[in-house]
Each structure stands twice: as C-alpha cells, then as structure tokens.
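Here is the structure we will look at.
Quick note: numbers below take in every heavy atom, side chains included, and nothing from hydrogens, waters or symmetry partners.
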Amino acid sequence: MEAQKVDFFMMTNAKFFEGQYLMWLREQLLKLDDSRWPEVQSQQFKDPTTLLIVSLLGGNLGIDRFMLGDTGIGIAKLLTCGGLGIWSIIDWFMIMPATREKNLTTMQRVLSGSQYGPVATV
Amino acid sequence: MARSRLYSIIAIASLAGFAWITYLHSREFNISEPSVCMIKSITSIPCPSCGSSRSVMMIMDGNYLTALKINPLGFLISIMLLVCPVWVLVDVVMKRSSFLRFYHTIESIIRIKWVSIMMITLIATNWIWNIMKGI
C-alpha cells in the first residue's frame with residue numbers, strides 16, 4: 001500500500017495499539033495489497049480510555065470484560081463480586097493493555113486475510 | 001484466550017476461592033463487619049452476587065434450602081469450584097486442552113442474543129431479589 005495511506009492510518013489509530021507493535025504494523029500494512037485498504041479502513045477498534053472508564057464504574061460486575069469480548073472472564077468477575085474486589089482493582093490497570101492486545105488480534109486477523117483463519121504473528 | 005493464560009487464571013481463582021471459603025468457615029459470620037464487595041461498601045446496595053459466600057458455606061453444611069434463599073448463585077459457584085480445578089489439573093497432566101474447548105463453546109453459546117438476554121434478565125432478577133432481602 002502507499003506510504004501516505006499507511007501513515008494516515010497509523011496517525012489516526014496509533015492510540016489503539018501498544019507502542020512496540022506500531023513499526024511492525026506499519027511494515028505489514030506497507031506490504032499489504034492495495035485492494036485490502038477498504039477492509040483495513042473499516043475496522044472498528046475499542047478505545048482503551050473508554051474501557052478504563054467502564055472498568056472503574058462497572059468493573060465489579062465484569063462489564064469491562066464483557067465489552068472486550070472475554071465473556072467467560074466477565075462471568076467469573078460478576079459471580080465473585082469482582083474477584084472479592086481485588087480482581088477489579090487489578091483490572092483497572094490491566095484493562096488498557098488488554099484492550100490494545102485485543103485490537104492487535106483484530107488487526108492480525110485482517111492482515112492474514114480471513115476472519116477466522118490463522119493469524120499473522122508478531 | 002491462550003490456554004496457559006486461561007489455566008493460570010482458573011488456578012489462581014480456585015486457590016483464592018478455597019482460601020476465602022476456608023477463612024470464612026474458620027470463624028463465625030458477623031453481618032456488621034465491613035463487606036469485601038466494593039459496590040455494597042460504597043453504596044450500601046448489595047450487588048447481584050452478594051451473599052454467595054454465605055450460600056457456598058450453607059451448601060457445605062448441607063443446608064441447601066437456606067443456600068437457595070440467600071443466593072442461588074452459590075450453587076453455580078460451588079459447582080465451578082469443584083469441577084474447574086480438577087478438570088484443569090487433569091488437562092495439564094494429560095497435556096490436553098478439553099477445558100479450553102469447553103470454555104470457547106460456552107462463550108459462543110452465551111454470545112447468542114436470546115441466551116444473553118435471558119441470562120441478563122436472570123442476573124437482574126437476582127439483583128432485585130438481593131436488594132429486597134437486604135443481604
């Protein structure tokens with residue numbers, strides 16, 4: 001893909017990914033075929049800041065984990081009053097990295113070309 | 001979710017659960033003590049799973065009806081506490097991932113719209129009941 005398009009994508013979406021993967025992601029996008037651009041552009045990423053707010057307010061009920069798609073973990077949090085309150089405090093710090101990791105998984109699926117196929121590894 | 005991560009979460013959660021139950025069982029329950037539940041401590045309104053520790057302890061003593069009256073979720077937690085650690089341990093020893101597959105199956109079932117709506121309704125009903133009981 002054109003460097004201009006890739007840089008535009010990186011600028012708008014940098015906050016959704018961990019810093020150490022940004023260069024890798026840029027290289028992968030540059031290698032990607034131009035016909036895949038609409039698919040890459042239309043991806044919805046989860047905002048780590050939003051998840052942090054949800055975690056602060058509804059972390060005890062596991063709502064943050066449900067939002068992230070970790071349904072099983074969410075139920076575990078819900079059933080145990082947020083892991084006796086300890087787990088929800090841990091998640092205040094863990095939810096932002098977890099969100100960025102989830103976004104990277106989404107991106108890897110797109111890069112590898114299939115919704116459910118094997119993912120490209122970092 | 002990676003296998004090693006899920007299994008370590010299950011192991012830590014089960015150990016913490018057993019430690020908590022053992023600690024509670026070693027002494028008398030006192031309602032005036034500060035609660036570990038953050039929602040209840042801050043707002044004085046019980047959360048959907050408040051009372052489940054008491055419920056699990058009642059199940060241990062064989063008072064199933066009392067356990068059901070305190071919080072029906074205690075039964076679910078007891079079953080999970082009994083089954084999950086054993087299953088995970090067997091999986092680790094036999095080098096299989098049957099629990100991981102089961103976990104993914106359950107997750108995909110819960111994501112079906114009508115199943116999730118039903119479960120949310122059940123949890124909400126339990127919550128309202130909890131508030132009415134003043135757990």
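In this structure, the separation between CG on A:Leu78 and CH2 on B:Trp127 is 9.0 Å, given to the nearest 0.5 Å. Rounded to the nearest 0.5 angstrom, A:Asn60 CG and B:Ile39 CD1 are separated by 4.5 Å. Here the SG-CG distance, from B:Cys37 to A:Leu84, works out to 9.5 Å after rounding to the nearest 0.5 Å.
For residues 2-19 of chain A, an interface with chain B (any heavy-atom pair closer than 4.5 Å) does not exist. Among residues 63-71 of chain A, the residues having any heavy atom closer than 4.5 Å to a heavy atom of chain B are, in sequence order, A:Gly69, A:Asp70, A:Thr71. Using non-hydrogen atoms only and a strict 4.5 Å limit, no part of residues 50-57 of chain A faces chain B.
Remark: B:Lys69 NZ is loosely packed, at most 12 non-hydrogen atoms of other residues, nucleotides or ligands lying under 6.0 Å away.
With hydrophobic clusters built from ILVMFWY side chains whose heavy atoms lie under 4.5 angstrom apart, B:Phe18 shares a cluster with B:Val83. Note: the hydrophobic cluster containing B:Tyr23 also contains B:Met57 (ILVMFWY, side chain heavy atoms under 4.5 Å, direct or indirect links). Tracing side-chain contacts under 4.5 Å through hydrophobic residues (I, L, V, M, F, W, Y), one reaches B:Phe102 starting from B:Leu81; they form part of the same cluster. Linking Ile, Leu, Val, Met, Phe, Trp and Tyr residues whenever their side-chain heavy atoms come within less than 4.5 Å places B:Ile106 and B:Trp87 in a single cluster. In this structure, B:Tyr103 is a member of the same hydrophobic cluster as B:Ile112, with clusters built from ILVMFWY side-chain heavy atoms closer than 4.5 Å.
For the pair A:Cys81 and B:Ser49, the tightest heavy-atom approach, listed with the atom from each and the gap, is N-OG, 3.3 Å. When all heavy atoms are compared, the tightest approach of A:Leu61 to B:Pro48 is CD2-CD, 3.5 Å.
In this structure, the portion of A:Ser88 lying under 4.5 Å from any heavy atom of chain B is its side chain and not its backbone. The contact between A:Ile75 and chain B is made entirely by side chain atoms (from C-beta outward), counting heavy-atom distances below 4.5 Å. Within the 4.5 angstrom heavy-atom criterion, no atom of B:Ile10 approaches chain A. For chain A, the nearby part of B:Leu76 is the side chain; its heavy atoms alone come within less than 4.5 Å.
Of all the listed residues (A:Thr80, A:Ile89, A:Ile86, A:Ile73), the one sharing the greatest number of non-hydrogen pairs under 4.5 Å with chain B is A:Ile73.
Residue pairs meeting the salt bridge (charged side-chain N to carboxylate O under 4.0 Å, His left out) criterion with at least one partner in residues 80-91 of chain B, sequence neighbours excluded, are B:Asp91-B:Arg96.
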